[in-house]
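Take a look at the structure set out below.
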Amino acid sequence: MQIPTLRVHVIIGLFSAILALLIVAVVTVIINHALYGLIKYNIVQITVGNVIFAIVIAIVISFIAALLPARRAANLNPIDALAAD
């Protein structure tokens, strides 16, 4: 039962990374447009390496965040867990 839960969390991590990258792209355009008149250079630059790094880190963090509670729940005795409710 852990595998589908982990898969969902990894997909959530992927979508959150994509959303964050879209927000960063918009903010980058705004900052560069605002400052280009002063220094004639784009201050904020996003490379392909930055995008890949952000996606990989978001997926790893979401995987770890899903794995730790799932592992703890797998070690519980079902009778004790139900009795606690």
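The figures that follow rest on heavy atoms only: side chains count, while hydrogens, waters and symmetry mates do not. Positions are given from 1 along the sequence.
If you take CG on Asn32 and CD on Gln45, they are separated by 7.5 Å, rounding to the nearest 0.5 Å. Once rounded to the nearest 0.5 Å, the distance linking OH of Tyr41 with CG of Leu35 reads 13.0 Å.
Cluster partners of Ile30 are Val26, counting Ile, Leu, Val, Met, Phe, Trp and Tyr whose side-chain heavy atoms approach within less than 4.5 Å, directly or via other members.
In this structure, Ile39 and Ile43 approach most closely via the heavy-atom pair CD1-CD1, 2.9 Å. Contact between Val44 and Ile31 at its shortest, heavy atoms only, is CG2-CG2, 3.9 Å.
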Would you list the atom pairs, donor with acceptor, under 3.5 Å between side chains in residues 53-61 and any protein atom, with sequence neighbours excluded?
none

Can you give each donor-acceptor pair under 3.5 Å made by side-chain atoms of residues 16-23, sequence neighbours left out, with the distance rounded to 0.1 Å?
residue : atom : partner : partner atom : Å
Ser16   : OG   : Ile12   : O            : 3.2
Ser16   : OG   : Gly13   : O            : 2.8

